Amino acid sequence: MSRIAIIGAGASGLVCAIEASRKGHNVTLFEKNSKVGRKILATGNGKCNISNEKIHLERYHGESPSFAKEALRRFDTFTCKAFFRSLGLEMREGEEGRLYPMSHQASSVVDMLLHEVRALHVNIVLECEVTKIETKDAAFVLHINEKTDIFDACVIATGSVAMPTLGSSDSGYGFAKSLGHSVIEPYPSLVQFVCDEPHLKEVSGVKMDANVELYIDNQKCQSVQGDLLFTAYGLSGSAILDLSRKASHALVQGKSVDVVLDLLPNLSREALTSLLQKRLSVAKDKSLSLWLEGMIPKKLAHFIIENTKIAHLKEASALGVKEIKKIVFALKALRLHVKATKGFESAEVCAGGVDVSELDAKNLMSKKIANLYFCGEVLDIDGDCGGFNLHFAWASGYLVGQSL
Ligand SMILES: Cc1cc2nc3c(=O)[nH]c(=O)nc-3n(C[C@H](O)[C@H](O)[C@H](O)COP(=O)(O)OP(=O)(O)OC[C@H]3O[C@@H](n4cnc5c(N)ncnc54)[C@H](O)[C@@H]3O)c2cc1C
């Protein structure tokens, strides 16, 4: 039996603690927050999109995403369900293969994990920030609250810097660097866009199914159809989060980022033009905004009128071919400049992290220091929206726990 230190009682650290304890190790779990799994509680808007029926390597990114292959093979969706069922948690399937706890509550996931770590007599040390890790005679000396403690193996499960209000920090990257590891510079992913458009406030709160094209330095590089939410600062919604990794990376590199929105993706330009022309028959005595309101949300109607600069036309019946063209263009190809993302403060995950080429993919152990392991989001592996990030956290924690 070895003395194992796991730093971070988040998704990956909790699963790692369970597996390592099940193997008979003496496990201590250090957590700087006053409770375990704080970020898990915030996932999926409190419902926790725990995993996905369609876990596939293609949904993961980083300098070397194939590194995740072994972790995902050992902990596939079937194993994930079996693992949580062994804790007493049932799952249900939502749209696009997304898996959630049957209770609809993220707290059920944390409660089941916590119950199991307690039942396995894991030593859980809360409100305890590990500040330094040193190696001494093949052991690890952890500095905690001005004291030190010695362990045979050390697992860094500290997560990323995404959303620091939930307790995230860059300490994992610092530990990695101090122990001779490289860190790929992190940048925010699954994050909202800040746009340069003075009238966005007026359309704030409008949610639509839209097709969003991403342009980097004027080159179209990705297109996604899904939820789009206008906000006072810019754009949010699942379509934006899906595009955000590439956009965020481009912004970090100083490139120019734009999006082109098709707000009525199920109508071709021709069909929309002919619909607008037909609707001129009901335009009499109607203001432009009231006439447009027959087709699109009221706030969006005002926005389109401002954007197309046709407000001087008092009545919809005054619309000519030129104005109809402008409306079609604004609804089918609205171009907005993205000046920034909402940053780490609002990001769901970080791209970048500990360089996986310096770790063994079979067990996530350091190639530089024996018995030093990394799991979860601290690694340079990040997933798409849809349960892929939590799944990798569970899978990597599981792999390390089983390898100890
Ligand atoms: C708002 C939000 C919603 C999300 N929704 C989803 C979703 O629905 N589905 C999905 O798949 N993913 C989702 N994610 C992403 C997912 O939550 C993370 O990828 C996952 O939690 C990462 O697990 P982890 O164990 O690596 O890190 P974390 O869960 O962040 O755990 C790391 C832990 O380490 C602790 N820690 C850090 N440094 C120290 C230290 N020095 N000493 C002691 N303790 C330390 C932290 O306090 C933290 O508790 C969401 C993220 C956010 C922010």
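For the numbers below, each heavy atom of this structure counts, side chains included, while hydrogens, waters and symmetry mates do not. Every number for a ligand or one of its atoms is a count from 1 in the order of the listing. Remember, predicted model here, so these are calculated numbers, not experimental data.
Residue-ligand proximity: Cys128 is placed with a non-hydrogen atom under 4.0 Å from ligand 1. Ligand 1 lies nowhere less than 4.0 angstrom from a heavy atom belonging to Arg38. In this structure, Ile40 falls outside the shell of residues with a heavy atom less than 4.0 angstrom from ligand 1. Remark: distances from the non-hydrogen atoms of Ser169 to ligand 1 include one below 4.0 Å.
The distance from the CD atom of Glu127 to the NZ atom of Lys35 is 10.5 Å, given to the nearest 0.5 Å. Taken from CD1 in Ile240 to CZ in Phe230, the straight-line distance is 9.0 Å, to the nearest 0.5 Å. Atom SG of residue Cys385 and atom CD of residue Glu96 lie 9.0 Å apart, to the nearest 0.5 angstrom.
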Full working for salt bridge (charged side-chain N to carboxylate O under 4.0 Å, His left out) between Arg3 and Asp152: CA-CA 5 Å; Arg3 285 199 70 200; Asp152 304 311; over 6 Å; no
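Checked by distance only, ligand 1 and Glu377 come closer than 3.5 Å through their nitrogen or oxygen atoms.
Aromatic ring centroids of Tyr398 and Phe75 lie under 6.0 Å apart.
Across Gly10, Ser160, Pro164, Ala393, heavy-atom proximity to atom 28 (P) of ligand 1 is greatest for Gly10. When Gly13, Ser12, Ser168 are ranked by how near their heavy atoms come to atom 25 (O) of ligand 1, first place goes to Ser12. Nearest to atom 9 (N) of ligand 1 by heavy atom, out of Asn389, Val130, Asn49, is Asn49.
Proximity of Glu129 to ligand 1, defined as any heavy-atom pair under 4.0 Å, is shared by backbone and side chain alike.
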